[in-house]
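Predicted model only: the values in this text are computed from it and were never measured.
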Amino acid sequence: MDDLEKAILISFDESGSVDSALKSRAVDFCQRIKESPTIYSICIERLWLSRLVPVQFWCLQCLHDAIRVRYSSVSPEEKAFIRKSVFAMVCYEGIEDENVVVRVLDSPAFIRNKLAQVLVGLIYFEYPVIWSSVFVDFFPHLSKGAVVIDMFCRVLNALDDELISLDYPRNAEEMAAAGRIKDTMRQQCVPQIVTAWYNIVSMYKNSDSELCASVLDSMRRYIPWIDIGLIANESFMPMLFELVLVEGFSEQLRGAAAGCVLAVASKLAKDSDSELASSIGALLTGYATEVLECFKRTTSEDGKRVSTKLLDEVLPSVFFVMQNCEIDATFSVVQFLSGYVATMKNLSPLTETQLVHVGQILEVIRSQICYDPVYRHHLDVLDKIGREEEDRMLDYRKDLLVLLRSVGRVAADVTQMFIRNSLATAVVSSSDRNVEEVEAALSLLYALGESVSDEAMRNRSGLLGELVPMLLSTKLPCQSNRLVALVYLETTTRYMKFVQENTQYIPMALQAFLDERGIHHPNINVSRRASYLFMRVVKLLKSKLVPFIETILQSLRDTVAQFTSMGFSVKEISVSEDGSHIFEAIGILIGMEDVPVERQTDYLSSLLTPLCQQVEFLLVSAKVQNLEESSANVMIIQQIVMAINALSKGFSERLVTASRPAIGLMFKQTLDMLLQVLIVFPRVQTLRSKVTSFIHRMVEILGASVFPYLPKALEQLLEESEPKEMVGFLVLLNQLICKFNTSVHGILEEVFPAIASRVFGILPQDALPSGPGSNIEEVREKQETSAKPCIRFFM
């Protein structure tokens, strides 16, 4: 043992028995040798002569580093020496030293792997221009048996790992080298390599299953880029299926053969027409499902390991199937992936490979929920084609979004980071060209909200603390698109609990609803939906919005003015928000006791006064107008009554009757005026219905102070009521009885004779008619809707 070998052994010592100063000197000595111009010959000589594994590893590592960094400066003669020596070692050759033959291939597997890396380093620089026969030269040595065959597999695997596989990042130079090597191999030696694979497996399948598994593992790596006809033929495929299906072969060998079948199917799916690709896609999905079932059922560690390996191999093909095959195949894939994700619930922590799969699943989900740009205009104007596509996608997304939520529960951080990056990309690169990607990113964030816990919503330090502010502050260039605008508003609403706990974001949230992203959006469908969602937000935040009431009312001035201005027209009704949601939101805001009484009175008066003036003017006008003009007035009055009714929902009985009776007085005056509608339009059922609803509200908030108005209201409702209207009338009576009990006895006693007479006029006097011309079903329906509720009331 010379000084270099001693120094190597000392530098590799981990026992702690070596003096640290001595070890440091040994490391320095080895480093000086490594930097020597003669390092190639020094290492090759040691590899021929030393059986010490640390020495072999150090020499191979030095060779690998030297070839990678400074091989271009080596002389042609020394290159030939290196090439000849390394290839001789790979082919199980050696030299004799005092009758002892030293061969590197007799060393442990990691030494052989390192030797394979050294040879691949030479292939990178010399194949095919300088050393064109490297693979062909290998074939004669395969007859030496398992040791050389094993090394041949390791070289092919190292070539895939170091250069060819796209699973690792490559620079442009490496990509070019990989293309050059693959092109030359296809032309020169791939058929011979495939033949060698076939012959080796045929020869050793019954005697050395481990060797055959290694051969098939190498073959699986190369199937994606070689001529598929070399494998998918009448010779090779029967043998692969025999290895998979026939009992007696080891699980390792059967798994390797299944991996090759999978690789063939994946290759065919990518290269074939859509019909064949879908068929193969179904095969791959079925195969993946069975492997997953094996993983669930097996209890042995070896079985779990083999199943996991097969799943790792099949998943990339499953993802391809999902992105490239028909919907039926995609549905099967979603079912499989849901099962796969479910198995992860019991695995903690997830492995690096499983985390990669999670990311791939999320990417597949994102791509699958994207609308096709060809439907963009149809979806924006929501014509017949657009409605059909929206309905189809809504149904198609269901299982995908369920899968997303499952992934979110298994890997919350990965899922949130993926969605965060998707949203960030959408924000940065948003344009009319990627409307669908923006909509998909927002839809993912919306769906994530279902699985986010209340604790996460409150936790500002989590990823949501970045996501929600990003969402609220975003004004996307493509936000004029109906789909993008709607999903943006829905998503913002879903995360309002976060804003509720982090009130500093309230101004941003309000702006999202009050500017052109929401209520002032140019698309009426978006504007209407924004009004409803804003009302929900107000209900959630309530008193926390008191400091912002002035700002909100100022922003809504133009919307409210549509109803309070005398120029309000039928045309505006057909294209504008009906008012109920906006006025309900305003009612909730100004109806809180946190609002000072003076301001509350001013706010309510500024709304009720012009609305009532509108109704009064229209009622007077209706007496001198023709039928068409009168019909237009009916529609306007109907909208105003709905707006006032919605406004009243924000006020409580205690506030209106006890703490702030002035507010109650305004509602009484409004009720008195709206009862005039029943006199001017006694037979307009839609108006009567809206006024009845308002009376219900006044009963709730005015309490007993509503009594003076009830006789007139009940009289007008009863006077011209149709049979079907009696049901609503009796519901109102029930409300009065339940709320006031005997207190309302006098009023009901006064109107009871008229009620009884009207009810008995509705009840059928004869049996159901029969015979020609009779319509039993029509009569029965009339009884169901009118007569039976009347009978139940008296009972």
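- For the side chain to side chain contact (heavy atoms under 4.5 Å, CB included) with F583, the qualifying choice from I644, N645, L611 is L611, the only one to do so.
- Here the OG-NE2 distance, from S531 to H521, works out to 12.5 Å after rounding to the nearest 0.5 Å.
- Between V414 and V407, the closest side-chain pair of non-hydrogen atoms is not below 4.5 Å.
- Between L445 and R420, every side-chain heavy-atom pair lies at or beyond the 4.5 Å cut-off.
- Put simply, the side chain of T503 never gets that close to the backbone of V499: no donor and acceptor are under 3.5 Å apart.
- By the 4.5 Å heavy-atom criterion applied to side chains, K712 and I679 are counted as neighbours.
- L540 places none of its side-chain heavy atoms less than 4.5 Å from the side chain of V537.
- The shortest distance between side-chain heavy atoms of T493 and R536 falls below 4.5 Å.
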Q: For Y603 and I549, run side-chain contact (heavy atoms from CB on, under 4.5 Å): C-alpha distance rounded to whole Å, both residues' side-chain angles, the deciding distance at 0.1 Å, then the answer.
A: CA-CA 10 Å; Y603 290 148; I549 290 178; 3.8 Å; yes

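- Rounded to the nearest 0.5 angstrom, R405 CZ and S338 OG are separated by 11.0 Å.
- Identified under the side chain to side chain donor-acceptor pair (under 3.5 Å) test for residues 438-449, with sequence neighbours left out: R397-E439, R397-S443, E439-S443, Y446-R494.
- Counting only residues at least two apart or on different chains, the side chain to side chain donor-acceptor pair (under 3.5 Å) pairs with a member in residues 539-548 are K539-E584.
- The main-chain N or O of N481 is never found under 3.5 Å from a side-chain atom of D380 such that the two would form a donor-acceptor pair.
- Salt bridge status for E363 with R366: present, with a side-chain N to carboxylate O gap under 4.0 Å.
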Practice item. Give the intermediate values and the outcome of side-chain contact (heavy atoms from CB on, under 4.5 Å) for residues T692 and F729. Key: CA-CA 8 Å; T692 301; F729 181 80; over 6 Å; no

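- Of the candidates L678, L675, V677, L678 is the only one forming a side chain to side chain contact (heavy atoms under 4.5 Å, CB included) with Q716.
- F681 does not carry R683 over the face of its six-membered ring by the limits of under 6.0 Å from the centre and within 45° of the normal.
- Panel note: side chain N502, backbone Q504; no donor-acceptor pair is recorded below 3.5 Å.
- Here the closest heavy-atom approach between residue L702 and residue G664 is recorded as CD2-O, 3.7 Å.
- In this structure, the separation between CD1 on I695 and CZ on R688 is 9.5 Å, given to the nearest 0.5 Å.
- With hydrogens and angles disregarded, no donor-acceptor distance shorter than 3.5 Å links the side chain of S527 to the backbone of H520.
- Considering every non-hydrogen atom in both F651 and G587, the closest pair reads CE1-O, 4.0 Å.
- Minimum heavy-atom separation, L444 to I419: O-CD1, 3.6 Å.
- Ion pairing between K398 and D395 holds under the 4.0 Å rule for side-chain N and carboxylate O.
- Defined by atom type and a distance below 3.5 Å, a donor-acceptor pair is missing between the side-chain atoms of E389 and H378.
- For the pair K690 and I637, the minimum side-chain heavy-atom distance is 4.5 Å or more.
- The closest donor-acceptor contact from the side chain of S605 to the backbone of T601 lies at 3.5 Å or more, if one exists at all.
- In terms of heavy atoms, R660 sits closest to M592 at NH1-O, 4.0 Å.
- In this structure, the side chains of F534 and L489 stay at 4.5 Å or more apart for every pair of heavy atoms.
- Here the CD1-CG distance, from I582 to L556, works out to 5.0 Å after rounding to the nearest 0.5 Å.
- In the displayed structure, D413 atom CG is contacted under 6.0 Å by at most 12 heavy atoms of other residues, nucleotides or ligands.
- In this structure, T492 contributes its side chain and Y488 its backbone to a donor-acceptor pair below 3.5 Å.
- With hydrogens and angles ignored, the 3.5 Å screen pairs no side-chain donor or acceptor of Q360 with any backbone N or O of F319.
- Classified by interplanar angle (parallel below 30°, tilted 30° to 60°, perpendicular above 60°), the ring pair Y532/H581 is perpendicular.
- A donor-acceptor contact shorter than 3.5 Å links the side chain of Q479 to the backbone of L476.
- By the 6.0 Å contact criterion, NZ on K497 is open, its count of non-hydrogen atoms from other residues, nucleotides or ligands being 12 or less.
- Going from atom CG of L714 over to atom CG of L736 covers 6.5 Å, rounded to the nearest 0.5 Å.
- No more than 12 heavy-atom neighbours from other residues, nucleotides or ligands sit within 6.0 angstrom of OH on Y375.
- Using a 4.0 Å cut-off between charged nitrogen and carboxylate oxygen, R409 and E450 do not count as a salt-bridge pair.
- Looking at R482, its side chain does come within 3.5 Å of a backbone N or O of L379 through a donor-acceptor pair.
- Contact record, Y495 with G449: OH-N, 3.1 Å, taken as the closest heavy-atom pair.
- Between the side chains of Q676 and E616, not a single donor N or O lies within less than 3.5 Å of an accepting N or O.
- Minimum heavy-atom separation, Q600 to I590: NE2-O, 2.6 Å.
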(request) Starting from the C-alpha separation in whole Å, work towards a yes-or-no answer on side-chain contact (heavy atoms from CB on, under 4.5 Å) for C612 and Q669. (result) CA-CA 9 Å; C612 289; Q669 293 168 344; over 6 Å; no

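- Between the CE atom in M393 and the CG atom in D372 there is a gap of 8.0 Å [rounded to 0.5 Å].
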